[in-house]
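Handing you a structure now.
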Amino acid sequence: MTEAKAEGSEPTRSLHFIHQIIEEDNKTGKFDGRVQTRFPPEPNGYLHIGHAKSICLNFGTALKYGGKCNLRFDDTNPVKEDIEYINAIQEDVRWLGFQWDALFYASDYFEQLYQWAEKLIQDGKAYVCDLTAEQVAMYRGGLDPKTAKESPNRNRSVEENLDLFRRMRAGEFPDGARTLRAKIDPRAANINLRDPVMYRILHATHPHVGDKWCIYPMYDWTHGQSDSIERVTHSICTLEFENNRPLYDWYIQQLGIYAPQQIEFARLNLTYTVMSKRKLLELVKNKYVSGWDDPRMPTLCGIRRRGYTPEAMRNFCERIGVSKFPGTIDMAWLEDAVREDLNKRAARVMAVLKPLKVVIDNYPEGQTDELDAVNNPEDPAAGSRKVPFSRIVYIERDDFMENPPKDYFRLAPGREVRLRYAYFVKCVNAVKDDKGEVVEVHCTYDPETRGGNAPPDGRKVKGTIHWVSVAHAIPAEVRLYDHLFAKENPDDIPEGQDYKVNLNPNSLVTLTDARVEPSLAGAKPGNRYQFERLGYFCVDRDTEGKSLVFNRTVTLRDSWAKLEKAQQKKK
RNA sequence: UGGGGAAUGGUGUAACGGUAGCACAGCAGACUCUGGAUCUGCUUGUCUAGGUUCGAAUCCUAGUUCCCCAGCCA
């Protein structure tokens, strides 16, 4: 190894293959050093985490190279698209933290596209076909070109084609009666080149251009030229469009217009969820979830409601990288990304999810203490607050065990623990109901441990648990979320079954009897907190007036839970 | 069956003929008023077989496996 690292030189961070291509293009002057990308969603559904990867890539690339990135709706199919989606998509892109240079609609180019179509007809490069959809499929043959044959209408005269096409536009024919097809090669090895359909007849109202058209261009006839019109340099898209690139190139070449460079990358797959728009729509429509923004959904509005931050999302997209390998990323990465972000910024508070009453026998009745609690140990500027303490407190049910294993550090008969920020308490006895369930625990406290400090005798406790004062606590509803699907790969299903058999029946557990510390009074929807020792939570939009509703964004890392699980496995 | 792509630890991603690195997960330990955070250490990898070369994840040849395409969807 030579002295590769010159002193003072920046360690060069490695570029993924797309940025390598761009830097190479900039070096050779292919696009005069210009970099322009775009995010081109179809407004037929809500954006999901997979789109976030594309958004971060496209907008991030423009930002990195001082270029432009537009938002363009590829709205070529009015029967599936809707203004609801157009609005939601814009909101989601903004939430992620990006601002487009221009907002376009592919439908803005419909007239230009139509003119270009007439030009191809004039040049003998397109023809009107009378075959039905089924017939077209049959004539096109299977994957093997040997089974293909050409359309009987392939050699119509230019005049007849032009006349028919104009009458298609004029609305003379019913839906599906005819199509305009590119005259390329009926027996091409690449099936996309076997005289693809350019226009279909669709008497439908378009969400953006209304009833202006009754013929609509196919995506393939629209996408490349739209990029060309906008002068996109690097047209970044997902792998499945590799097969279509030769077709886009053909159109651009026949038209003799500016040619962007298409680069394909692998779309994002995540464990324990589905990303297909069709499936997400089905989950919403058939009420498997409460809506597009159900916090269990991988939609951007869903994870937003769940409490994820845009910073965490962008960081996640940065970390997973960009390549052409269609792998699946472990959901744990996403969770790690939010934890990392929220750890630095979320205020710590105490909340008891499943309350168990603790009476401190030797604490004076009617007395209240105001104890200092740190708001965020990761951020001294966050300051501190007062938390009220009194004779009866709630602790977490899971923090008491009558017959605990050795490595259980929490409260148990005869054991002493620290109540966070308050006192050491020692369990005297537990009171049970007729069913044998512990309903109340009695403790004594040590006044010398006020503030949670160790007593003069140097006594130590292994566990510190959280609590709220019964007299001061605020009731709250807490929604605990888990993976939407019970299997890493929801599509891993038994013969003849459906992916929905893998839905996780415990993906939502609602706790209606939680208590939170009084400082949370007046918390607003969207506010994020760390409930100490439990996880990160945010105030849900269902919160109204006094009734607080929290969503669990993600649990804290829990080495005790891990231990428990491991021990259960041993048994 | 035709065409287009891709293969590096459990997962994802670097290395561009010269020490296989990073992150997540996992394991062990330190520290701790969160079994949190932080810190330290560890396990695990170049699809296979040949070849070129002083030297191959990288170049060549052959094979294997996986993904995508047969909408008037995008």
Side-chain angles (χ1 to χ4, degrees), chain A residues 1-2 13-16 20 40-42 44 74 76-77 79-80 129 131-134 136-138 140-148 175-181 187-194 196-202 216 218-220 222-223 237-246 264 266 271 277-278 319-330 332-337 339-340 343-344 348 350 373-374 377-378 407-410 418-422 424 449 451-454 461-466 530-535 555-563:
Chain A
M1 165 132 183
T2 54
R13 216 175 77 249
S14 58
L15 301 170
H16 57 67
Q20 282 180 17
E42 183 194 13
N44 68 342
D74 273 342
T76 54
N77 186 0
V79 303
K80 288 192 178 166
C129 177
L131 258 25
T132 65
E134 297 71 40
V136 168
M138 228 176 64
R140 186 137 47 207
L143 290 172
D144 193 330
K146 288 196 277 291
T147 58
D175 286 3
R178 297 178 207 273
T179 55
L180 182 72
R181 293 231 253 160
R187 277 170 280 269
N190 180 342
I191 205 163
N192 295 114
L193 264 20
R194 315 231 266 248
V197 171
M198 294 164 64
Y199 279 90
R200 75 284 218 193
I201 301 171
L202 235 40
Y216 287 94
M218 298 291 290
Y219 173 86
D220 283 347
T222 308
H223 185 79
C237 66
T238 44
L239 252 27
E240 65 268 29
F241 292 104
E242 271 178 319
N243 296 316
N244 304 51
R245 178 154 34 89
E264 306 87 4
T271 55
K277 279 195 194 176
R278 199 206 96 226
R319 277 194 222 177
I320 58 177
V322 179
S323 76
K324 299 193 77 155
F325 180 73
T328 302
I329 280 155
D330 196 323
W333 283 51
L334 229 204
E335 295 175 346
D336 180 73
R339 283 198 195 99
E340 184 184 301
N343 175 48
K344 287 177 294 196
R348 271 61 171 174
M350 290 196 286
V374 174
E378 304 294 317
D407 44 6
Y408 186 80
F409 301 158
R410 288 111 97 144
R418 169 168 29 234
L419 292 182
R420 175 133 241 232
Y421 302 123
F424 282 22
T449 57
N453 294 312
V461 289
K462 276 215 204 91
T464 297
I465 65 176
H466 57 96
Q530 183 195 99
F531 288 179
E532 293 217 30
R533 304 208 305 133
L534 297 174
T555 62
L556 250 28
R557 281 201 190 88
D558 188 346
S559 49
W560 167 246
K562 222 184 269 176
L563 233 177

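Numbers restart at 1 for each chain; the letters A, B, ... are given by sequence-line order, proteins then strands.
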Q. Choosing from B:rA23, B:rG3, B:rC72, which nucleotide comes nearest the side chain of A:W333?
A.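 Within the option list, the nearest is B:rA23.
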Q) Taking atom NZ of A:K277 and atom CD of A:E42, what is their separation to the nearest 0.5 Å? A)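 Here the interatomic distance stands at 5.5 Å.
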Q | Electrostatic pair A:R245:A:E264 at N-O distance under 4.0 angstrom | A |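 Looking at A:E264 together with A:R245, the answer is yes, because their closest N to O distance falls below 4.0 Å.
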Q: Give none if B:rA74 has no partner; otherwise give the nucleotide forming a Watson-Crick or G-U wobble pair with it, both distances under 3.5 Å.
A: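 Looking at the geometry, B:rA74 pairs with no nucleotide.
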Q: Describe the nucleic acid contact of A:L534 in one word from base, sugar-phosphate, nothing, applying a heavy-atom distance below 4.0 Å.
A: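 Nothing: the residue A:L534, judged by heavy atoms under 4.0 Å, touches no strand.
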Q. At what distance, to the nearest 0.5 angstrom, does CE of A:M218 lie from NE2 of A:H223?
A.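 Reported to 0.5 Å precision, the distance equals 14.0 Å.
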Q. For B:rA15, does OP1 or OP2 lie under 4.0 Å from any side-chain N or O of A:Q20?
A.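 Checking A:Q20 against B:rA15: at least one side-chain N or O falls below 4.0 Å of OP1 or OP2.
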Q.
If I pick the P atom on B:rA7 and the same atom on B:rA15, what distance separates them, to the nearest angstrom?
A.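 12 Å, rounded to whole Å.
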(Q) Regarding A:S323, tell me which of base, sugar-phosphate or nothing describes its non-hydrogen contacts under 4.0 Å with the strands shown. (A)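 Contact class for A:S323: sugar-phosphate only.
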Q) Does the base of B:rU13 carry an N or O that pairs as donor and acceptor with the side chain of A:R319 under 3.5 Å? A)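 It does not, because no donor-acceptor pair links the side chain of A:R319 to the base of B:rU13 below 3.5 Å.
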Q: Could you check which nucleotide pairs with B:rC42 in any of the strands shown, counting Watson-Crick or G-U wobble with both distances under 3.5 Å?
A: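 Check on B:rC42: paired to B:rG26, both distances under 3.5 Å.
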(Q) When you measure from the side-chain N and O atoms of A:S14 to the phosphate of B:rA15, is any distance below 4.0 Å, counting only OP1 and OP2? (A)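 No, no such contact exists.
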Q) With a 4.0 Å cut-off on heavy atoms, is A:F409 in touch with a base, just the backbone sugar-phosphate, or nothing at all? A)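 Answer is base: heavy atoms of A:F409 come under 4.0 Å of a base.
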**Q.** 5'-most by nearest nucleotide on RNA chain B - A:I191 or A:D558
**A.**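 Counting from the 5' end, the first nearest nucleotide belongs to A:D558.
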Q. Rounding to a whole Å, what distance do you find between A:F531:CZ and B:rG35:P?
A.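 Rounded to the whole Å, the gap is 17 Å.
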Q. Cut-off 3.5 Å, side chains only: do A:N192 and A:N243 have a donor facing an acceptor?
A.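 The answer is no; no qualifying pair exists.
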Q.
Any carboxylate oxygen within less than 4.0 angstrom of a Lys/Arg side-chain nitrogen, looking at A:R319 and A:D336?
A.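 Looking at A:D336 together with A:R319, the answer is yes, because their closest N to O distance falls below 4.0 Å.
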Q.
With a cut-off of less than 4.0 Å, is there a side-chain N or O of A:T76 near OP1 or OP2 of B:rA74?
A.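 For A:T76, the contact criterion (side-chain N or O under 4.0 Å from OP1 or OP2 of B:rA74) is met.
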Q. Nearest nucleotide by nearest heavy atom, which residue falls closer to the 5' end of RNA chain B, A:Y219 or A:T328?
A.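 It is A:T328 whose nearest nucleotide is closer to the 5' end.
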Q. Expressed in whole Å, how much space separates the C1' atoms belonging to B:rA28 and B:rU43?
A.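 That atom pair is separated by 10 Å.
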(Q) Mind checking if A:Y199 touches a base, just sugar-phosphate, or nothing, with heavy atoms under 4.0 Å? (A)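 Since no nucleic acid heavy atom lies under 4.0 Å of A:Y199, the category is nothing.
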Q | Gap in Å between the two P atoms, one belonging to B:rG36 and one to B:rC31, rounded | A |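 Between the two P atoms, the distance is 14 Å.
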(Q) Working to the nearest 0.5 angstrom, can you tell me the gap between A:Y216 OH and A:L202 CG? (A)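 One gets 7.0 Å once the value is rounded to the nearest 0.5 Å.
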**Q.** Donor-acceptor contact present, side-chain A:T328 to main-chain A:T271, <3.5 Å
**A.**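 Side chain of A:T328 to backbone of A:T271, a donor-acceptor pair under 3.5 Å: no, none is there.
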Q: Would you state whether a donor and an acceptor, one from the side chain of A:E378 and one from the base of B:rG36, lie under 3.5 Å apart?
A: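 Present.
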**Q.** A:D330 CG - B:rC24 P separation (whole Å)
**A.**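 It works out to 12 Å between those atoms.
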Q | Whole angstrom value for the distance that separates C1' of B:rG12 from NE2 of A:H16 | A |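 My rounded result for the distance is 14 Å.
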(Q) Taking only the C1' atom of each, what is the distance from B:rU8 to B:rA23 in whole angstrom? (A)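 Roughly 15 Å separates the two C1' atoms.
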Q | Integer angstrom distance from the C1' of B:rU44 to that of B:rG2 | A |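 The answer is 41 Å between these two C1' atoms.
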Q. So, is B:rG36 syn or anti if syn means the angle is within 90° of 0?
A.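 For B:rG36, whose glycosidic angle is more than 90° from 0, the conformation is anti.
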Q | For atom CG of A:L202 and atom P of B:rC73, their distance in whole Å | A |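 The distance from CG of A:L202 to P of B:rC73 comes to 7 Å, rounded to the nearest Å.
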Q) What residues, two or more places apart in sequence or in another chain, satisfy ring-ring contact (aromatic ring centres under 6.0 Å, His included) together with A:F241? A)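 A:F241 satisfies ring-ring contact (aromatic ring centres under 6.0 Å, His included) with A:Y219 once adjacent residues are dropped.
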Q) How is A:G142 classified with respect to the nucleic acid when contacts are heavy atoms under 4.0 Å: base, sugar-phosphate, or nothing? A)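 Base: the residue A:G142, judged by heavy atoms under 4.0 Å, touches a nucleobase.
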Q: Send over the distance from A:R181 CZ to B:rG71 P, rounded to a whole Å.
A: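 Value for this atom pair: 12 Å.
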Q. If only side-chain N and O atoms of A:R557 are considered, is one of them under 4.0 Å from the OP1 or OP2 phosphate oxygen of B:rA25?
A.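 Yes.
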Q) Can a donor-acceptor pair under 3.5 Å be found between the side-chain atoms of A:R410 and the base atoms of B:rG35? A)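 Present.
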(Q) Distance check, P atoms only: B:rG21 and B:rG9, in whole angstrom units. (A)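 Approximately 14 Å lies between the P atom of B:rG21 and that of B:rG9.
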**Q.** B:rU61 to B:rG45 separation - C1' atoms, rounded to the nearest Å
**A.**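 Those two atoms are separated by 25 Å.
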Q) Applying a 3.5 Å limit to both distances, which nucleotide forms a Watson-Crick or G-U wobble pair with B:rU34? A)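 By the stated definition (distances under 3.5 Å), nothing pairs with B:rU34.
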Q. A:R348 has an atom CZ; how far is it from atom P of B:rU34, in whole Å?
A.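 The answer, rounded to whole Å, is 11 Å.
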Q: Please determine if a side-chain N or O atom of A:K324 lies less than 4.0 Å away from the OP1 or OP2 oxygen of B:rC67.
A: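 No.
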(Q) Any base atoms under 4.0 Å from A:P377, or only sugar-phosphate, or nothing? Heavy atoms, all strands. (A)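 Since a base atom lies under 4.0 Å of A:P377, the category is base.
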Q.
Using the P atom as the point on both nucleotides, what is the distance between B:rA14 and B:rA49, in whole Å?
A.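 Approximately 25 Å lies between the P atom of B:rA49 and that of B:rA14.
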Q. Does A:R418 place a side-chain N or O at less than 4.0 Å from the phosphate oxygens OP1/OP2 of B:rG35?
A.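 Result: no.
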Q) Counting any heavy atom closer than 4.0 Å, what does A:K80 reach on the DNA or RNA strands: base, sugar-phosphate only, or nothing? A)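 Sugar-phosphate contact only.
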**Q.** Pairing nucleotide - B:rG9, Watson-Crick or G-U, each distance under 3.5 Å
**A.**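 Paired with no nucleotide.
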(Q) On the side chain of A:N190, is there an atom forming a donor-acceptor pair with the base of B:rG4 - under 3.5 Å, no angle test? (A)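 No.
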Q. Considering every strand shown, what is the Watson-Crick or G-U wobble mate of B:rA20 when both distances are under 3.5 Å?
A.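 Pairing partner: none.
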Q: Quickly work out the A:N244 CG to B:rA74 C1' distance and round it to whole Å.
A: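 A:N244 atom CG is separated from B:rA74 atom C1' by 9 Å.
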Q.
Taking 4.0 Å as the cut-off, does a side-chain nitrogen or oxygen of A:R533 come that near to OP1 or OP2 on B:rG35?
A.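 A:R533 to B:rG35 OP1/OP2: side-chain N or O found under 4.0 Å.
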Q.
Applying the Watson-Crick and G-U wobble criteria at under 3.5 Å, what pairs with B:rA62? Answer none if nothing qualifies.
A.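 When the pairing criteria are applied, B:rU48 turns out to be the nucleotide that pairs with B:rA62.
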Q | Atom-pair distance (CD1 on A:I329; P on B:rG10), nearest Å | A |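 In whole Å, B:rG10 P lies 17 Å from A:I329 CD1.
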Q. Quick one: CG on A:N244 to CG on A:D220, what's the gap to the nearest 0.5 Å?
A.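 These two atoms lie 4.5 Å from each other.
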